[in-house]
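I have placed the structure first, in the form of structure tokens, so that the comments after it can refer back to it.
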2 protein chains.
Amino acid sequence: MNRYMEIYADLKSRILNKTYLTGTLLPSENKLATHYQVSRETIRKALVLLLENGYIQKKQGKGSIVLDVQRFDFPISGLTSYKELQDSQNIHSQTLVHSLEKIRISKEFSAKIDLPINTEVWALMRQRKIDGEVIILDKDYLLTAIVPTLPIEEAENSIYLFLETKKQLAISYAQKEIVVEKVTEEDQQLMTLREEDTHVVVVRSRVYLEDTRLFQYTESRHRLDKFRFVDFARRRHA
Amino acid sequence: MNRYMEIYADLKSRILNKTYLTGTLLPSENKLATHYQVSRETIRKALVLLLENGYIQKKQGKGSIVLDVQRFDFPISGLTSYKELQDSQNIHSQTLVHSLEKIRISKEFSAKIDLPINTEVWALMRQRKIDGEVIILDKDYLLTAIVPTLPIEEAENSIYLFLETKKQLAISYAQKEIVVEKVTEEDQQLMTLREEDTHVVVVRSRVYLEDTRLFQYTESRHRLDKFRFVDFARRRHA
DNA sequence: TAGTGGTCTAGACCACTAT
DNA sequence: TAGTGGTCTAGACCACTAG
């Protein structure tokens with residue numbers, strides 16, 4: 001752990017602890033530098049993390065204002081996965097692996113995702129149950145070249161967890177798209193849909209590793225009434 | 001303009017120009033520092049901007065890899081407003097101001113947005129037409145305490161543009177929520193909905209100023225078939 | 001005017017990648 | 001081993017806020 005990460009974690013916990021109250025100012029950068037026995041630039045790196053994650057707002061000549069962090073709950077934003085979400089929200093749910101098989105990318109599919117025809121991938125389909133109803137249908141495609149084995153027990157939990165801890169793969173960034181589409185026959189069969197459900201929310205993601213290789217394509221299909229996406233956004237000044 | 005912003009802009013344009021090609025490495029930080037006649041830390045600040053905006057991917061011991069920026073088009077993410085979006089996408093559209101009036105926050109409404117009861121706000125309702133059809137219905141509420149006057153001509157364009165250039169208000173960050181809801185009677189009357197449109201996508205935003213004051217609450221209602229949200233996300237390491 | 005955050009420097013050492 | 005990015009320092013000057 002780097003020094004500025006440690007300081008970030010410490011300040012963050014103090015904000016969550018209410019040691020630093022909403023609306024008040026953090027100690028100045030110089031004071032923090034003295035307190036943590038580091039240079040001011042190191043403090044500033046920690047503060048950038050607080051800023052980016054919505055814990056503080058900085059104002060030149062004034063200081064760092066603590067934000068109301070309670071309001072910014074439920075961060076599906078970023079690359080948070082279903083399992084992480086579930087843990088943080090105490091949602092009682094269950095994952096059913098519907099199918100797991102090796103396939104090769106067809107011509108039509110190749111156009112949709114940007115993988116060459118015939119690339120071998122794991123095709124994983126999972127149903128996410130909440131209170132006995134299948135609310136989400138997850139369709140994942142992972143390159144077998146990067147993930148040779150995919151135990152079915154792992155698929156029942158978080159794939160990200162498995163890949164990051166056991167396979168030492170560094171997931172770095174993703175492109176995500178949210179649209180609403182008409183339900184397919186597959187949705188009808190595999191999800192708990194009501195009569196009024198003519199559409200589902202579809203979240204498509206392409207996930208890349210640190211070395212910029214694409215290794216996962218995901219299609220997550222959500223029942224309309226259970227879908228919610230929350231984002232904390234800072235205005236780009238560039 | 002700061003030096004690192006200038007360097008960011010320059011490197012960004014070179015990437016878009018194809019001076020630096022997708023998949024190749026940028027010159028090393030030391031070389032860039034020599035070339036731009038600045039210290040390495042200044043170069044690093046410029047590279048952080050490229051990183052955050054999805055132009056490069058860095059790898060320790062290797063270098064900064066140029067990403068395929070074409071793929072990351074259509075950024076509704078962040079705080080981009082409708083007008084900015086329209087400009088960058090060449091969409092032919094039209095904005096109709098349906099109503100603009102001063103109102104006071106009611107008890108029920110106060111619970112939904114976090115403003116005290118009786119706060120005076122501008123209530124602005126706009127219809128967004130594309131190819132003759134009203135696709136989006138925007139409902140904005142702006143604090144009159146912060147924006148005393150709101151000319152109707154300005155409302156027909158971008159409110160952000162008006163506030164930032166003419167009123168010198170610094171918009172800083174927002175919390176955004178996307179859900180799907182049943183159409184209301186109001187939607188039926190003010191939007192071009194088809195028989196199958198039983199739901200609309202609702203994007204709710206709370207927008208804050210640099211001094212952390214909330215000053216705008218927005219509800220943007222989109223026809224299902226025309227809604228698309230794209231996001232570039234980096235995995236949080238904290 | 002004193003104190004704050006914003007920018008920038010010149011140098012150091014470390015961890016990682018490639019050869 | 002040479003070169004890369006990652007971290008950290010101690011200091012400087014500037015722009016902004018508030019009393």
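Letters A, B, ... mirror the listed sequences (proteins, then strands); counts begin at 1. Remember, predicted model here, so these are calculated numbers, not experimental data.
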### Summary
Sorted by chain and number, sequence neighbours left out, side-chain contact (heavy atoms from CB on, under 4.5 Å) with Lys107(B) holds for Ile117(B)
### Message
Holding to side-chain hydrogen bond (donor to acceptor under 3.5 Å, both in side chains), I want the full list of residues that pass it with Asp10(A), two or more places apart in sequence or in another chain.
### Response
Arg14(A), Tyr36(A)
### Summary
Sorted by chain and number, sequence neighbours left out, side-chain hydrogen bond (donor to acceptor under 3.5 Å, both in side chains) with Thr34(A) holds for none
### For Lys45(A), all residues meeting side-chain contact (heavy atoms from CB on, under 4.5 Å), sequence neighbours excluded
Tyr4(A)
### Query
Are side-chain heavy atoms of Val203(B) and Phe227(B) found at a separation under 4.5 Å?
yes
### Summary
side-chain hydrogen bond (donor to acceptor under 3.5 Å, both in side chains) filter on Ser28(B), not counting sequence neighbours, yields none
For nucleotides 17-19 of chain D, give me every protein contact, N/O to N/O, under 3.5 Å, one pair per line with atom names.
{"residue": "dT17(D)", "atom": "O4'", "partner": "Gly61(A)", "partner atom": "O", "Å": "3.4"}

### Task
For Glu101(B), check side-chain contact (heavy atoms from CB on, under 4.5 Å) against everything at least two apart and list the hits.
Ile103(B), Ala123(B)
### Query
What nucleic acid atoms does Arg3(B) come within less than 4.0 Å of, heavy atoms only: base, sugar-phosphate, or nothing?
sugar-phosphate
### Message
Suppose the criterion is salt bridge (Lys or Arg N to Asp or Glu O under 4.0 Å): which pairs have a residue in residues 25-37 of chain A, not counting sequence neighbours?
### Response
Glu29(A)-Arg40(A), Glu29(A)-Arg44(A), Glu29(A)-Lys58(A)
### Task
Only counting residues at least two apart or in another chain, list the ones meeting side-chain contact (heavy atoms from CB on, under 4.5 Å) with Thr24(B).
Leu21(B), Val66(B)
### Task
With pairs defined as Watson-Crick or G-U wobble and both distances under 3.5 angstrom, please note down DNA chain D as a dot-bracket string, | for pairing with another strand.
||||||||||||||||||.
### Toward the 5' end of DNA chain C, by each residue's nearest nucleotide, Arg40(B) or Ile43(B)
Ile43(B)
### Query
Which is the 5'-most and which the 3'-most nucleotide of DNA chain C that has an atom under 4.0 Å from a heavy atom of chain A?
dG3(C) to dC8(C)
### Contacts of Thr218(B) that satisfy side-chain hydrogen bond (donor to acceptor under 3.5 Å, both in side chains) - sequence neighbours left out
Asp140(B), Gln216(B)
